[in-house]
Amino acid sequence: SEKKGVPRAEFVSTVGKPLPPAGDPGGFACTFAAFRRATALADCGVSRVHAGNYRDAREAFEESIAIDPRGPQAAAAHVWLGELALMEATSATSPAAARAEREYRAALPLGPPPPLGMHAELGLGILALRRGDAAEAEAALDRALQAVPPQPVALVARYLLGVARLLLGRPAEANAL
């Protein structure tokens, strides 16, 4: 549902978002997941993301949260679940887009580590732009940039922030980026 006189940001779906930084916990990460410790399961999820095994990674993150929903691993697990859902999202109204937003929003109050929190805000900005909510996108992208992201992430965030400001009718602010 396009607002009258407001251009749509359909091209945002073509913008690639880098995954959050994470050291590969190595091949042993999933060995300890058998003990059903929430932290080990979250580490296993990261290892599976590195291996490109996204379905099993999602299962590990979900199980980690089910075991300890407020534990020290929970915020990171929610962000990673948001990242995986964002990769699956085919449209602004897809179930995967709704899952991504739900996971990012669940992560932020739990205080994820700064690199992951910044990725959650960037993901929320992308989702807001896809929905056509430039004001919400601007707020999320501003928060992402306040975390001083690494250059590849900062480039995507600044570009999308410029798009949001163009959609809000502020081209001078968009060009300044």
Side-chain angles (χ1 to χ4, degrees), residues 12-13 15-26 29-30 32-33 36-90 92 94-131 133 136-161 164:
V12 171
S13 64
V15 174
K17 178 186 171 303
L19 285 172
D24 186 348
C30 293
F32 297 108
R36 294 190 40 82
R37 287 186 41 237
T39 302
L41 284 161
D43 288 345
C44 179
V46 171
S47 179
R48 289 175 174 166
V49 168
H50 279 282
N53 187 347
Y54 301 136
R55 184 180 55 80
D56 288 346
R58 182 176 47 250
E59 289 174 6
F61 292 129
E62 288 171 347
E63 190 173 351
S64 170
I65 292 168
I67 290 170
D68 193 354
R70 301 204 56 81
Q73 88 304 339
H78 280 294
V79 173
W80 280 105
L81 284 169
E83 293 292 300
L84 293 171
L86 184 63
M87 289 191 307
E88 294 174 8
T90 56
S94 72
R99 272 196 329 272
E101 184 164 355
R102 187 173 52 251
E103 294 297 344
Y104 289 141
R105 291 197 187 283
L108 291 170
L110 297 175
L116 291 176
M118 176 250 333
H119 273 270
E121 294 289 5
L122 178 56
L124 287 171
I126 289 170
L127 291 165
L129 276 176
R130 286 181 183 176
R131 280 194 318 273
D133 189 342
E136 184 178 330
E138 179 184 36
L141 295 165
D142 272 335
R143 288 189 302 269
L145 287 167
Q146 287 173 3
V148 189
Q151 185 176 7
V153 177
L155 287 171
V156 171
R158 280 191 196 97
Y159 170 77
L160 294 174
L161 183 56

Asks: Who passes salt bridge (charged side-chain N to carboxylate O under 4.0 Å, His left out) against R70, sequence neighbours left out?
Replies: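 Once residues adjacent in sequence are excluded, R70 has no partner under the salt bridge (charged side-chain N to carboxylate O under 4.0 Å, His left out) criterion.
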
Asks: Kindly give the heavy-atom pair with the smallest separation between V79 and Y104, and that separation in Å.
Replies: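 Heavy atoms only, the tightest pair is O-CE2, 3.8 Å.
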
Asks: Looking at L116 and A76, what are the two nearest heavy atoms and their distance?
Replies: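 Minimum heavy-atom separation between L116 and A76: CD1-CB, 3.4 Å.
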
Asks: Over all heavy atoms of both residues, which pair between S64 and A38 is shortest? Give the atoms and the distance, please.
Replies: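 Minimum heavy-atom contact is OG-O, 2.8 Å.
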
Asks: Nearest 0.5 Å please: distance from the CG atom of L81 over to the CD1 atom of I65.
Replies: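 Those atoms lie 5.0 Å apart.
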
Asks: Restricting to non-hydrogen atoms, name the atom on A137 and the atom on A128 that form the minimum distance, rounded to 0.1 Å.
Replies: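 That would be N-CB, 3.5 Å.
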
Asks: Could you grab the distance from atom NE2 of H119 to atom CD1 of I126, nearest 0.5 Å is fine?
Replies: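 Those atoms lie 10.0 Å apart.
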
Asks: Excluding sequence neighbours, so at least two apart, what forms side chain to side chain contact (heavy atoms under 4.5 Å, CB included) with A89?
Replies: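 Per chain and number, A89 pairs via side chain to side chain contact (heavy atoms under 4.5 Å, CB included) with S94, A96, A97, R130.
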
Asks: Calculate, to the nearest 0.5 Å, the distance between atoms CZ and CZ belonging to F61 and R48 respectively.
Replies: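 Going from the CZ atom of F61 to the CZ atom of R48 covers 9.5 Å.
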
Asks: Restricting to non-hydrogen atoms, name the atom on D68 and the atom on A74 that form the minimum distance, rounded to 0.1 Å.
Replies: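 Result for this residue pair: O-CB, 3.9 Å.
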
Asks: Tell me if a side-chain donor or acceptor on Q73 pairs with a main-chain N or O of L41 at a distance below 3.5 Å.
Replies: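 Pair absent, no side-chain N/O of Q73 close to backbone of L41.
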
Asks: Taking only residues two or more places apart in sequence, or in another chain, which ones meet A154 in a side chain to side chain contact (heavy atoms under 4.5 Å, CB included)?
Replies: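 Partners of A154 by the side chain to side chain contact (heavy atoms under 4.5 Å, CB included) criterion, ordered by chain and then number, come out as L145, P149, R158.
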
Asks: Ignoring hydrogens and angles, write down the donor-acceptor pairs under 3.5 Å from the side chains of residues 106-114, residues two or more places apart or on other chains.
Replies:
none

Asks: Would you name the heavy atoms of A57 and V49 that are closest together and state the gap between them?
Replies: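 Taking A57 first and V49 second, the nearest heavy atoms are CB-CG2, 3.7 Å.
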
Asks: Would you list the pairs meeting salt bridge (charged side-chain N to carboxylate O under 4.0 Å, His left out) in which at least one residue belongs to residues 105-117, sequence neighbours left out?
Replies: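 Of all non-adjacent pairs touching residues 105-117, those that pass salt bridge (charged side-chain N to carboxylate O under 4.0 Å, His left out) are E101-R105, R105-E136.
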
Asks: Not counting sequence neighbours, list each pair that qualifies as a salt bridge (charged side-chain N to carboxylate O under 4.0 Å, His left out) and has a residue in residues 75-90.
Replies: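 Passing the test, one end in residues 75-90: K17-E83, R58-E88, E88-R99.
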
Asks: Which pairs pass side chain to side chain donor-acceptor pair (under 3.5 Å) with one or both residues in residues 138-156, sequence neighbours excluded?
Replies: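 Those involving residues 138-156 are E121-R143, E138-R165, E138-R170, D142-R165.
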
Asks: Which distance, rounded to the nearest 0.5 Å, do you find between the CD1 of I67 and the OG1 of T39?
Replies: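 So the gap between those two atoms works out to 9.5 Å.
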
Asks: Side-chain contact, heavy-atom cut-off 4.5 Å: L160 with L122?
Replies: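 L160 vs L122: side chains touch.
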
